[in-house]
Amino acid sequence: MTVVSLSSERKFRRSPRNPLLPQKHDDYEPLEVGFNGASFSGAVFNLSTTIVGAGIMALPATVKQLGLIPGLMMIILGAMLTESSVDMILRFSKAAKSTTYSGVVSDAFGGGGRTLLQLGIIVNNLGMLIVYMIIIGDVLAGTWSDGVRHSGVMEEWFGRHWWTSRSFLLLLTTLLVFAPLISFKRVDSLRYTSALSVGLAIVFVAITAGVVAIKLMEGGIGMPRLMPELNNQASFWKLFTTVPILVTAYICHHNVHPIENELRDTAQMKSIVRTSLTLCSSVYVATSLFGILLFGDQTLDDVLANFDGDLGIPYSSLLDDVVRISYGVHLMLVFPIVFFSLRLNLDCLLFPYAIPIAYDNRRFFSLTAALMGFIFVGANFVPDIWDAFQFTGATATVSVGFIFPAAIALKDTHCIATKSDRLKSWVMISLAVSSSTVAICSDIYSIFNFDSGVGS
């Protein structure tokens with residue numbers, strides 16, 4: 001194995017694949033003196049934080065649309081398919097002797113495949129980070145929805161001032177929270193903030209469960225709809241629009257390799273993926289169940305918006321604020337984990353043969369500042385997040401999470417795919433392509449139908 005010394009404190013080693021040829025820098029494994037590798041628990045928290053983002057708030061509405069029983073079953077199925085797709089990526093990466101997701105795609109489909117994957121990850125992560133910042137702005141400064149003003153917590157507490165405006169609060173969040181956290185060069189450095197982020201997601205579940213328990217004792221909870229309502233053909237096709245949301249809720253593939261590469265024992269990665277998916281799917285099932293029980297048919301597309309009024313129990317206003325603040329802080333802590341793989345993949349796309357970005361401070365901070373500036377501007381000027389969220393989920397996210405892993409297994413460059421791999425791959429591709437097509441067509445139809453309705 002060839003070792004290239006950058007300095008006494010900086011080293012990186014070539015991956016075993018083609019050691020005598022020039023390699024793209026994402027095929028190098030970073031080494032650092034004094035770092036003995038990430039722990040199992042730290043990796044679980046980082047991967048779980050990658051998974052549990054904004055999608056958690058869309059799941060109750062998804063379950064409402066599907067019905068309680070099919071909805072919860074789809075959440076569990078999403079976790080199972082995600083585990084299968086990540087397992088395929090890891091196994092084929094080892095066969096290809098690659099330490100990155102883009103590397104194993106390149107092994108199967110060449111440079112064109114690598115570029116398509118990197119573009120998919122960049123589009124997916126940029127979209128998610130803009131959505132995260134918009135939701136944080138909604139929580140802190142408020143927003144307009146259907147002509148109604150929803151106040152943010154800062155506005156409720158201190159009134160409307162220039163320093164409670166959306167732009168100023170997002171700028172303050174960027175400088176005081178995001179800037180320090182996105183400056184870390186190792187994903188393992190975020191393990192403590194990731195643990196706190198997962199804890200805050202559990203706080204949301206606990207509060208919702210507590211409110212449901214109180215209202216159950218008072219007889220204030222109705223029977224939720226167990227199956228979907230299929231009144232016409234349009235309502236049937238609309239069920240498929242939930243699939244991109246479910247895929248988005250579990251997307252973590254872009255961070256699997258960065259987390260694995262820092263482990264003390266890379267053989268633990270499969271157990272880490274399973275543990276993280278079990279934890280996250282449990283949070284998703286609980287969130288969806290309690291959300292539907294609490295709000296029923298009044299469950300909004302973003303269930304966080306339901307926590308903007310009277311919950312029908314004592315201290316309702318205080319609980320509303322706790323839920324919104326805890327979720328806002330949760331997203332602030334998810335942000336750097338998603339940003340990590342965004343920066344890495346954009347750097348690999350722009351500078352494929354440069355040394356790893358962690359060893360080039362000028363490139364690292366220039367790219368970080370440029371991306372953060374783009375996200376900040378996007379969060380302040382994008383008018384509506386949910387149509388963009390669904391469109392991104394139906395294209396880039398579905399491709400990164402299902403289509404590329406399945407295509408790698410079907411290509412089977414190293415002849416290691418099993419019959420089960422092929423079967424799962426065809427299921428994932430069929431589900432991804434069909435649901436994405438229907439979801440995109442449904443969204444476009446809804447947009448144009450809404451416009452025509454307004455015009456009439």
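The figures here come from the full heavy-atom set of this structure, side chains too, leaving out hydrogens, waters and symmetry mates.
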- Message: Counting the benzene-type ring for Trp, do Phe335 and Phe178 have ring centres under 6.0 Å apart?
- Response: yes
- Message: If you compare all heavy atoms of Leu72 against all heavy atoms of Ser288, which two are closest, and at what distance to 0.1 Å?
- Response: CD2-CB, 4.1 Å
- Should the pair Asp347-Arg343 be classified as a salt bridge under the 4.0 Å nitrogen-to-oxygen rule? no
- How far apart are the closest heavy atoms of Ala95 and His414, and which atoms are they? O-CE1, 3.6 Å
- Could you tell me whether the side chains of Ser194 and Asn46 share a donor-acceptor contact shorter than 3.5 Å? yes
- Would you call Arg422 and Asp412 a salt bridge, using N to O less than 4.0 angstrom? yes
- Query: Heavy-atom count around Lys215 NZ within 6.0 Å, excluding the residue itself: above 12?
  - Reply: yes
- Please check if atom CZ in Phe374 has more than 12 non-hydrogen atoms from other residues, nucleotides or ligands closer than 6.0 Å. no
- Query: Under 4.5 Å between any side-chain heavy atoms of Met428 and Ile403, yes or no?
  - Reply: no
- Message: Less than 4.5 Å apart, side chain to side chain, heavy atoms only: is that true for Phe339 and Ile375?
- Response: yes
- Message: Using ring centroids (six-membered ring only for Trp), state whether Tyr284 and Tyr250 fall under 6.0 Å.
- Response: yes
- Flag the pair Lys411 / Val105 as yes when at least one side-chain heavy-atom distance between them is below 4.5 Å, and no otherwise. no
- Taking Asn255 as the fixed residue, which of Thr49, Asn125, Thr50 is the one that meets the side-chain hydrogen bond (donor to acceptor under 3.5 Å, both in side chains) rule? Thr50
- Item | Cationic N near anionic O, under 4.0 Å, Arg324 to Asp138 | no
- Take Asp87 and Ser84 through the side chain to side chain donor-acceptor pair (under 3.5 Å) test and state the conclusion after the steps. CA-CA 5 Å; Asp87 179 65; Ser84 296; over 6 Å; no
- Query: Quick one: do the His257 and Thr100 side chains pair a donor with an acceptor below 3.5 Å?
  - Reply: no
- Note on the structure: For Ala432 and Val398, the nearest pair of non-hydrogen atoms, with its separation, is CB-CG1, 3.1 Å
- Message: Please determine whether side chain to side chain contact (heavy atoms under 4.5 Å, CB included) holds for the pair Thr174 and Met133, giving the CA-CA distance in whole Å, both sets of side-chain angles, and the decisive distance to 0.1 Å.
- Response: CA-CA 9 Å; Thr174 299; Met133 188 173 275; 3.6 Å; yes
- Task: Give the intermediate values and the outcome of side chain to side chain contact (heavy atoms under 4.5 Å, CB included) for residues Leu190 and Phe184.
- Result: CA-CA 8 Å; Leu190 298 168; Phe184 289 117; 3.7 Å; yes
- Message: Quick check on side chain to side chain contact (heavy atoms under 4.5 Å, CB included): which of Phe404, Phe109, Phe92 does Val104 satisfy it with?
- Response: Phe92
- Message: In the structure I gave you, are the side-chain heavy atoms of Thr287 and Thr208 within less than 4.5 Å of one another anywhere?
- Response: no
- For Ser276 against Ile51, the heavy-atom pair lying closest together: CB-CD1, 4.4 Å
- Query: Considering all heavy atoms of both residues, which atom of Ile136 and which atom of Gly328 are nearest to each other, and what is their separation?
  - Reply: CG1-O, 3.9 Å
- Query: Do the non-hydrogen side-chain atoms of Phe290 and Val211 ever get within less than 4.5 Å of each other?
  - Reply: no
- Note on the structure: On a heavy-atom basis, the closest approach of Ser399 and Pro405 is O-CD, 4.1 Å
- Message: Assess whether a salt bridge exists between Lys94 and Glu260, defined as any Lys/Arg side-chain N lying under 4.0 Å from an Asp/Glu carboxylate O.
- Response: yes
- Message: Ring-plane angle category for Phe307 and Phe295, please: parallel below 30°, perpendicular beyond 60°, tilted otherwise.
- Response: perpendicular
